[in-house]
Amino acid sequence: MKTLKNIQNENNTQTRVSKLFQAVMILAMLFIASDIYAQNQEVEFEVYTNSAAKASQYLLGDDVALRDCASVQCEKLTTISIGTHVRLLAKSEHSQIINGVTSRFYKIKMGPQVGWIWGGLISQKTMVSQMNPEIKFVFGEAGVDYKGYKRFQIRAVKNGEEIDKIYVKSEFLTHDLVSIINKQDNTYGTDVITLCNPDSESCDVTSSNSYIVFKNNKLMQTTTLVALEKIELQQDNYAVFCEFENK
């Protein structure tokens, strides 16, 4: 017959085993999360010595710091506006992770100054508006949100100033899948950016929003273009303010 002391000992043992199991599970989850995080693909660009054409890029971030060496601790020489055209002359030996985005520092020349900018603030895909050639759309990674979801950003830019920006959650989106509908194929009277291969039958975007529409100087997400003329922009569709720390 079990005594009260035996029952208490059994309960204590079960409690310790339960706590040990919980600790092991937490460690396993942290290990998996860190492993996934470590596998983040680097945001990388060609430099001038390899390809003069591909080394010509535009800035994704605004007031981007031009530094005298390849580190956020280096002295800031000046700041560069969003959408500025830059030529990448060289890249740093090692990459750095800032706000969940992995990239290297790139050496550029701005007038008489030569300095370094972080690659996470360089556009991975730049598209010219089909409605107004003075407007450009720059695309790139935006790290992860507070829930751990990977995000991408698209910003509308004109004359070195940001008009609007929006964020898209996706684990599968890449700059190769992003494109703008050409004017000759565009019957909507506004800019439409697709987030998937136009030859495929479906889009693998986590948020299920396959298009970005630029209308009335605002960017919004939509799953269909059927009733584009009737779409009303709501505040919910607008992106929250978010900037990289490397400025």
Side-chain angles (χ1 to χ4, degrees), residues 30-47 54-67 69-74 76 79-108 115-127 136-157 162 164-179 193 195 204-207 209 212 219 221 239-247:
L30 288 174
F31 177 79
I32 293 172
S34 63
D35 185 58
I36 293 174
Y37 184 78
Q39 294 178 22
N40 280 349
Q41 188 172 358
E42 179 181 334
V43 174
E44 194 170 8
F45 302 91
E46 294 282 357
V47 295
K54 293 182 179 180
S56 180
Q57 302 292 344
Y58 294 85
L59 292 189
L60 171 68
D62 198 12
D63 293 331
V64 175
L66 180 69
R67 302 183 183 276
C69 61
S71 172
V72 292
Q73 282 76 40
C74 296
K76 183 188 296 185
T79 56
I80 314 173
S81 300
I82 188 172
T84 299
H85 177 261
V86 295
R87 177 167 287 182
L88 311 180
L89 305 177
K91 59 184 176 182
S92 61
E93 184 177 352
H94 303 290
S95 62
Q96 297 184 33
I97 300 175
I98 300 177
N99 297 326
V101 178
T102 304
S103 189
R104 301 170 192 247
F105 272 80
Y106 288 82
K107 185 179 182 180
I108 68 167
W116 297 80
I117 59 176
W118 182 60
L121 297 172
I122 300 173
S123 174
Q124 293 177 263
K125 184 72 171 281
T126 302
M127 300 158 284
K136 290 184 177 65
F137 302 104
V138 289
F139 168 88
E141 293 191 19
V144 295
D145 64 12
Y146 69 99
K147 291 184 177 180
Y149 293 111
K150 189 172 183 179
R151 301 194 307 166
F152 296 84
Q153 57 183 311
I154 295 178
R155 302 188 179 204
V157 182
E162 180 183 285
D164 195 30
K165 60 179 172 286
I166 198 167
Y167 295 89
V168 177
K169 290 188 295 184
S170 176
E171 294 298 326
F172 309 101
L173 187 60
T174 67
H175 67 277
D176 294 325
L177 298 177
V178 179
S179 62
I193 299 170
L195 302 181
D204 235 349
V205 178
T206 303
S207 60
N209 294 298
I212 301 294
L219 292 163
Q221 296 172 274
V240 295
F241 181 80
C242 176
E243 292 289 350
F244 285 110
E245 295 175 359
N246 177 40
K247 286 192 173 183

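A donor and an acceptor atom, one from each side chain of Gln153 and Arg155, are located under 3.5 Å apart.
Applying the side-chain contact (heavy atoms from CB on, under 4.5 Å) test between Ile122 and each of Ile117, Ile108, Val64 identifies Ile117 as the sole match. If you run side-chain contact (heavy atoms from CB on, under 4.5 Å) between Ser123 and each of Ile82, Val138, Leu59, only Val138 comes through.
The minimum heavy-atom distance between Glu44 and Lys91, with the atom names listed, is OE2-NZ, 2.6 Å. Across Leu60 and Glu141, no two heavy atoms sit closer than the pair CD2-O, 4.2 Å. In plain terms, the two heavy atoms of Gln96 and Trp118 that are nearest each other are O-NE1, 3.6 Å.
Judged purely by atom type and a 3.5 angstrom limit, Glu171 uses its side chain to pair as donor or acceptor with the backbone of Lys150. With hydrogens and angles disregarded, no donor-acceptor distance shorter than 3.5 Å links the side chain of Arg67 to the backbone of Gly115.
Legend: residues meeting side-chain hydrogen bond (donor to acceptor under 3.5 Å, both in side chains) with Glu46, ordered by chain and number and at least two apart, are absent.
Using a 30° and 60° split on the angle between ring planes, Phe45 and Tyr106 fall in the perpendicular class, above 60°.
You'll find the side chain of Phe139 reaches within 4.5 Å of the side chain of Leu173, heavy atoms only.
Note that CD1 of Ile154 is 13.5 Å distant from NZ of Lys165, once rounded to the nearest 0.5 Å. Taken from CZ in Phe105 to SG in Cys69, the straight-line distance is 8.5 Å, to the nearest 0.5 Å.
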